[in-house]
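Reviewing the structure listed below.
Just so you know, residue 1 is the first one in the sequence shown, and it goes up from there.
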Amino acid sequence: MSVLSAEMFFGRAFNQDPYEVYADLRAQGPVHAIEFPAGVQAFLVVDHEHGRAALSDPRLAKDTRHSETPVRAEEFFGETLLGLDPPDHTRLRGLVAKAFTPRRVEALRPRVQEITDGLLDGLAGRDEADLIDAFAFPLPIIVICELLGVSADDQADFRHWTAILTVPVVSRETAERRRTAAIAFNDYLMGVFAERRAAPGDDLISALLAVRDGGSRLSHGELLDTIALLLIAGHETTVNLIGNGMLALLSSPAQLKLLKERPELLPGAVEELLRYDGPVERATQRIALTDMEIAGVPIPKGSWVHVSIGAAGRDPGAFDEPDSLDVTRADNRHVAFGHGAHYCLGAPLARLEGQVAIGTLLARFPELALAVAPADLTWKRSGSIVRGLSSLPVRLR
């Protein structure tokens, strides 16, 4: 088997249309050896069947200490749900799930609608706008801050820290900026923890501080990492869901028209947007605990395995006409939020925000259109775990 170079996943050409590359790879086979930067040897799964199975395979661990290759800590989320295996993962997920309930999320719907309306009010009267900067970025950061109980006066700081902490470390300068932001973020949360312990409120931080399962509760480090994960991972993916989703709709006039005529299709349409061009390019790392095979390809113990979420969503073996957007698609078994024990806890919140944001945007601005050609749009750093636009210029009327 030839080893792919990760360089093919970097650059403007891949960013503009990664699905053509994935289709070519899938035609050659479902699993490919690949060498990532820093000499990390890995295997990339590009079909739906084996990708879905790998996401829930107990032989594939999340803890990078099982890897044969050392990794930079700043590329991962510390001791969060994304990097733990049972029993630690089971314990931590159970505690967080007790606080981050579907009821708590659904109770946010009126407030998400109110925030959405306020942001779109700010666009009224304008001819053009950047949907990412003016709408998709601020909406989820306001929502997550209010969910956590962060005061309005401090939300600007949270936006600043998030912007820095989501930038890949590519130089000493970015590493230092991230370290400074992380220290400020930690110091701020320590103050909030002290306040909420003294006077708990009806917010997620208070709930996380209070939650326990028998004698188990979240440690200080687990609290910090969980909130960082909710803030950074949850925010980034929702921004991309709204941005990528709107680009897909604005590039598909017939589907856009249908959705505006039949808003009851919105929940299913959001699922289709997640499948078609979702916010996550590939799942976070898995490490083989033993010598194993995926689709007949030998995977040595200690090897990294990556599942391409984007490729799985365009697999013709799982979806009819996968390269076509269809807001009426039924039985949409996409893996945009993962699968198995590591299925995204924030999926209900992302779905809620996506439905409210996209539905309200189309209703408020029925003549919305792209202000530039899709080929002229710029995407965030290629080869990353996430997939999202840097900007989305639109004509509002």
Could you tell me whether Asp202 atom CG has more than 12 heavy atoms of other residues or ligands within 6.0 Å of it?
-> no
Counting only heavy atoms not in Asp320, do more than 12 sit closer than 6.0 Å to its CG atom?
-> no
Specify the closest pair of heavy atoms between Ile132 and Pro138, including all atoms of both residues, with the distance to one decimal.
-> O-CD, 3.8 Å
Is it true that atom CD of Glu20 has more than 12 heavy atoms of other residues, nucleotides or ligands lying nearer than 6.0 Å?
-> no
Test Leu370 against Leu392 for side-chain contact (heavy atoms from CB on, under 4.5 Å), laying out the working first.
-> CA-CA 8 Å; Leu370 289 174; Leu392 183 58; 3.7 Å; yes
Where is the tightest heavy-atom contact between His50 and Pro30, given as atom of each residue plus distance?
-> ND1-CB, 3.9 Å
For the pair His342 and His89, name the ring-plane relationship: parallel under 30°, tilted 30 to 60°, perpendicular over 60°.
-> tilted
CG-CD distance between Leu204 and Glu146, expressed to the nearest 0.5 angstrom | 13.0 Å
Is it the case that more than 12 heavy atoms not belonging to Glu264 sit under 6.0 Å from its CD atom?
-> yes
Asp63 CG to Leu84 CG distance, which is reported to the nearest 0.5 Å = 7.0 Å
Spell out, as yes or no, whether a donor-acceptor pair under 3.5 Å connects the side chain of Lys260 to the backbone of Ala363.
-> no
Yes or no on side-chain contact (heavy atoms from CB on, under 4.5 Å) for Leu349 and Leu147, after CA distance, side-chain angles and deciding distance?
-> CA-CA 10 Å; Leu349 180 58; Leu147 177 64; 4.2 Å; yes
Mark yes or no for whether Glu128, through its side chain, and Leu396, through its backbone, hold a donor-acceptor pair below 3.5 Å.
-> no
Under 6.0 Å from the CD atom of Glu293, do we count more than 12 heavy atoms belonging to anything else shown?
-> yes
So, Glu222 and Arg217, do they make that salt bridge, N to O below 4.0 Å?
-> no
Honestly curious: do Ile115 and Leu123 fall in one hydrophobic cluster under the side-chain, below-4.5 Å linking rule?
-> yes
Residue pair Asp24 / Gln28, side-chain donor-acceptor N/O under 3.5 Å | no
Does Asp121 pair with Arg364 as a salt bridge, N-O distance under 4.0 Å?
-> yes
Answer yes or no: is there a donor N or O on one side and an acceptor on the other, between the side chain of Asp127 and the main chain of Arg395, under 3.5 Å?
-> no
If two hydrophobic side chains count as joined below 4.5 Å and joins carry through other members, does Val105 share a cluster with Ile205?
-> yes
In this structure, are over 12 heavy atoms from other groups packed under 6.0 Å from Glu261 atom CD?
-> yes
For Asn240 against Leu389, the heavy-atom pair lying closest together | OD1-N, 4.5 Å
Within the distance-only criterion (no hydrogens, no angle test), does the side chain of Arg93 pair as donor or acceptor with the backbone N or O of Ala341 below 3.5 angstrom?
-> yes
Could you pull out the closest heavy-atom pair between Ser252 and Leu325, with the gap in Å?
-> OG-CD2, 3.7 Å
Under-4.0 Å salt bridge between Arg286 and Asp57 | no
Verify the neighbour count for atom CZ of Arg333: are there more than 12 heavy atoms of other residues, nucleotides or ligands below 6.0 Å?
-> no
Work out which heavy atom in Tyr19 is nearest to a heavy atom in Arg387; give both atom names and the distance.
-> OH-NE, 3.7 Å
Could you walk me through whether Ile34 and Phe43 pass side-chain contact (heavy atoms from CB on, under 4.5 Å), step by step?
-> CA-CA 6 Å; Ile34 182 171; Phe43 292 85; 5.9 Å; no
For the side chain of Arg275 and the backbone of Gly313, is there at least one donor-acceptor N/O pair under 3.5 Å apart?
-> yes
Connected via hydrophobic side-chain network under 4.5 Å: Val150 and Leu224 | yes
Checking Glu272 side chain against Val327 main chain: does a donor-acceptor pair fall under 3.5 Å?
-> no
Shortest non-hydrogen separation from Val31 to Ala295 and the atoms involved | CG2-CB, 4.0 Å
So do the side chains of Leu361 and Leu131 get within less than 4.5 Å of each other, counting heavy atoms only?
-> yes
